[in-house]
*Asks:* 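Once you've had a glance at the structure underneath, I'll fire off some questions.
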Number of protein chains: 2
Amino acid sequence: MNEPPILLDAETRAQEHPADHRAELRLWLRMLTCTNLIEGEIRARLRRHFGVTLPRFDLMAQLEKAPEGMTLGELSRRMMVSNGNVTGLVERLLESGHVERRAHPSDRRAVVVALTPTGRHVFAGMAAAHAEWIAELTAGLAPADVAQLMRLLGRLKSHVKEVAHG
Amino acid sequence: MNEPPILLDAETRAQEHPADHRAELRLWLRMLTCTNLIEGEIRARLRRHFGVTLPRFDLMAQLEKAPEGMTLGELSRRMMVSNGNVTGLVERLLESGHVERRAHPSDRRAVVVALTPTGRHVFAGMAAAHAEWIAELTAGLAPADVAQLMRLLGRLKSHVKEVAHG
DNA sequence: GCCTGTTCCTTCAAGTATAAAATATTTTTG
DNA sequence: CAAAAATATTTTATACTTGAAGGAACAGGC
């Protein structure tokens, strides 16, 4: 054997020397299952109880943390979705009267979006229910489990950010 | 004080007696961030390297585990997406020649879908790269971390399933 | 056999999502 | 200051996704 140490791109290497990544794959699939299950349940409950979609709730949740409003770009980054997506979401939330647009004080390219008083009030009710639901769905975990998960996921998150961007 | 023990629905109770669910909420947001980051990276790489979308990859991944094929309903359940969604995905994968439809042996309502030889070959390459990518993205975790996460997420998953369905 | 309820799939409308191109404005640079 | 580069948003094309409604086929009891 004694193969020479040739550098290959990931695909070629993967096909010729398939390492054992089963544990990591299974972990990834389980993470995906968990988030899909929770997200699906939250989505259904938001629709049933408040007639609102999850993306709109998420957008309002970002705005709620910024009383002065936020630019579309900031929203896009925080929600981790594309710019065009935010444009459309804001458009629909404008129509329903939950958010309003303001001129940016110093940058005429930018648009600031903020919750309306109505939007703020509506969101408060949804957020309280949402918190209860998340607590209900994660009630299978002891406080120590929650802390442990936070720590491990924190480790994962910072590594993924390194690999993906930096 | 000494309020009477009246039973209220979740929304009302949440607004009037907001319990402290901050830890659980933060955990949920962190989980969401992790999966979104990884999913986004995998989606971009699949597109860049293979010109395929993540949903199509996911569908083919299910079929690869079923050499004899699988009904649309089974696909829908395993992928945790709606029926109509699967119909559309299969339609597009039929056009590209990655999957084929077969008659169900005993149930004329059902449709069986299976990978074509081409689809199987194409998927093999994508799956190998995908496994490498997942390993790369989760490399920030020690083997013990992976095992611990599997355990905790397993606990979460089974509880969520209970709450959501049963 | 028929009736009833269920399951399997498709269709549809609305909404969500990406990537890429286009536009407008700001900032940087030479 | 003018040109170039960078930024903020919108637009476009395409694809994905859901939830709900509908039609076809199955399964059971009568």
Side-chain angles (χ1 to χ4, degrees), chain A residues 32 35-37 39-60 62 69-96 98-99 101-113 164, chain B residues 32 35-37 39-60 69-96 98-99 101-113:
Chain A
L32 217 42
T35 54
N36 282 344
L37 282 172
E39 201 172 296
E41 187 66 17
I42 296 294
R43 180 194 311 279
R45 291 190 187 188
L46 280 175
R47 170 182 298 272
R48 184 162 68 250
H49 292 258
F50 298 102
V52 77
T53 64
L54 182 53
R56 292 183 200 190
F57 174 82
D58 287 342
L59 195 151
M60 293 175 79
Q62 293 298 330
M70 199 183 285
T71 65
L72 289 188
E74 187 79 14
L75 267 174
S76 161
R77 276 187 295 278
R78 296 207 191 194
M79 296 176 69
M80 298 197 289
V81 300
S82 66
N83 281 344
N85 189 0
V86 172
T87 298
L89 280 171
V90 166
E91 230 163 61
R92 290 183 282 271
L93 283 168
L94 278 172
E95 277 184 53
S96 59
H98 292 106
V99 308
R101 294 171 64 133
R102 299 172 185 166
H104 190 284
S106 62
D107 190 339
R108 275 189 303 169
R109 293 169 303 180
V111 180
V112 173
V113 187
Chain B
L32 218 42
T35 54
N36 282 345
L37 282 173
E39 200 170 300
E41 187 66 18
I42 295 295
R43 181 196 310 281
R45 292 189 187 189
L46 279 175
R47 170 182 298 270
R48 186 162 66 250
H49 292 259
F50 299 102
V52 77
T53 64
L54 182 53
R56 294 184 199 191
F57 174 81
D58 286 342
L59 194 151
M60 293 175 79
M70 199 183 284
T71 65
L72 288 189
E74 187 79 15
L75 267 173
S76 161
R77 276 188 295 278
R78 297 207 191 193
M79 296 177 69
M80 298 195 289
V81 299
S82 66
N83 280 345
N85 190 358
V86 172
T87 297
L89 282 172
V90 166
E91 229 163 62
R92 291 182 282 271
L93 283 169
L94 277 173
E95 278 183 51
S96 59
H98 292 106
V99 308
R101 294 171 65 135
R102 300 174 184 166
H104 190 283
S106 62
D107 189 339
R108 275 187 302 167
R109 293 169 304 178
V111 179
V112 173
V113 187

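A note on names: the letters A, B, ... follow the listed sequences, proteins ahead of strands, and every chain is numbered from 1.
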*Asks:* Report the nucleotide, chosen from dT10(D), dA17(C), dT18(D), that has the shortest atom-to-atom distance to any side-chain atom of N83(A).
*Replies:* dT10(D)
*Asks:* So how far is it from L59(A) CG to L54(A) CG, rounded to the nearest 0.5 Å?
*Replies:* 11.0 Å
*Asks:* Between atom CD in E95(B) and atom P in dA15(D), what is the gap in whole Å?
*Replies:*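 Spelled out: CD on E95(B) to P on dA15(D) is 9 Å.
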*Asks:* Over all strands shown, is G73(B) touching base, sugar-phosphate only, or nothing at heavy-atom distances under 4.0 angstrom?
*Replies:*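 Contact class for G73(B): sugar-phosphate only.
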*Asks:* Expressed as a whole number of angstroms, how long is the span from H104(A):NE2 to dT25(C):P?
*Replies:* 15 Å
*Asks:* Respond yes when some side-chain nitrogen or oxygen of R56(B) is under 4.0 Å from OP1 or OP2 of dC16(D), and no when none is.
*Replies:* yes
*Asks:* Quickly work out the N36(A) CG to dT17(D) C1' distance and round it to whole Å.
*Replies:*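 In whole Å, dT17(D) C1' lies 12 Å from N36(A) CG.
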*Asks:* So how far is it from R101(B) CZ to L94(B) CG, rounded to the nearest 0.5 Å?
*Replies:* 6.5 Å
*Asks:* In whole angstrom, what separates R47(A)'s CZ from dA14(C)'s P?
*Replies:*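 Atom-to-atom, R47(A) to dA14(C), this comes out as 13 Å.
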*Asks:* Between dT10(D), dC16(D), dT10(C), which nucleotide gets closest to the side-chain atoms of V111(B)?
*Replies:*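 Of dT10(D), dC16(D), dT10(C), dT10(C) is nearest to the side chain of V111(B).
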*Asks:* Does N85(B) make a side-chain N or O approach to OP1 or OP2 of dT18(D) shorter than 4.0 Å?
*Replies:* yes
*Asks:* Give, for atom CE of M79(A) and atom CD of Q62(A), the distance between the pair rounded to the nearest 0.5 Å.
*Replies:*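 Between atom CE of M79(A) and atom CD of Q62(A) there are 6.5 Å.
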*Asks:* For dT18(C) and T53(B) - does any side-chain N or O of the residue sit under 4.0 Å from the phosphate oxygens OP1/OP2?
*Replies:* no
*Asks:* Does dT10(D) have its OP1 or OP2 closer than 4.0 Å to a side-chain nitrogen or oxygen of R109(A)?
*Replies:* no
*Asks:* Check for a donor-acceptor pair, side chain of T71(B) on one end and backbone N or O of V112(B) on the other, with a separation under 3.5 Å.
*Replies:* no
*Asks:* E91(B) CD to dC9(C) P: how many Å, rounded?
*Replies:*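 Distance, rounded to whole Å: 14 Å.
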*Asks:* R101(A) side chain N/O closer than 4.0 Å to the phosphate oxygens (OP1, OP2) of dT10(D)?
*Replies:* yes
*Asks:* Send over the distance from D107(A) CG to dT23(C) P, rounded to a whole Å.
*Replies:* 20 Å
*Asks:* Quick one: on DNA chain D, does P55(B) or R108(B) contact a more 5' nucleotide (nearest heavy atom)?
*Replies:* P55(B)
*Asks:* Please figure out whether T71(A) or R43(B) has its closest DNA chain D nucleotide nearer the 5' end.
*Replies:* T71(A)
*Asks:* Can you check whether T87(B) has a side-chain N or O nearer than 4.0 Å to OP1 or OP2 of dC9(C)?
*Replies:* no
*Asks:* CG/D58(B) to CZ/R78(B) distance, rounded to the nearest 0.5 angstrom?
*Replies:*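 The distance works out to 14.0 Å.
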*Asks:* How many Å lie between CD on E39(B) and C1' on dC16(D), as a whole number?
*Replies:* 12 Å
*Asks:* Whole-Å distance between dT17(D) C1' and L89(B) CG?
*Replies:*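 L89(B) atom CG is separated from dT17(D) atom C1' by 9 Å.
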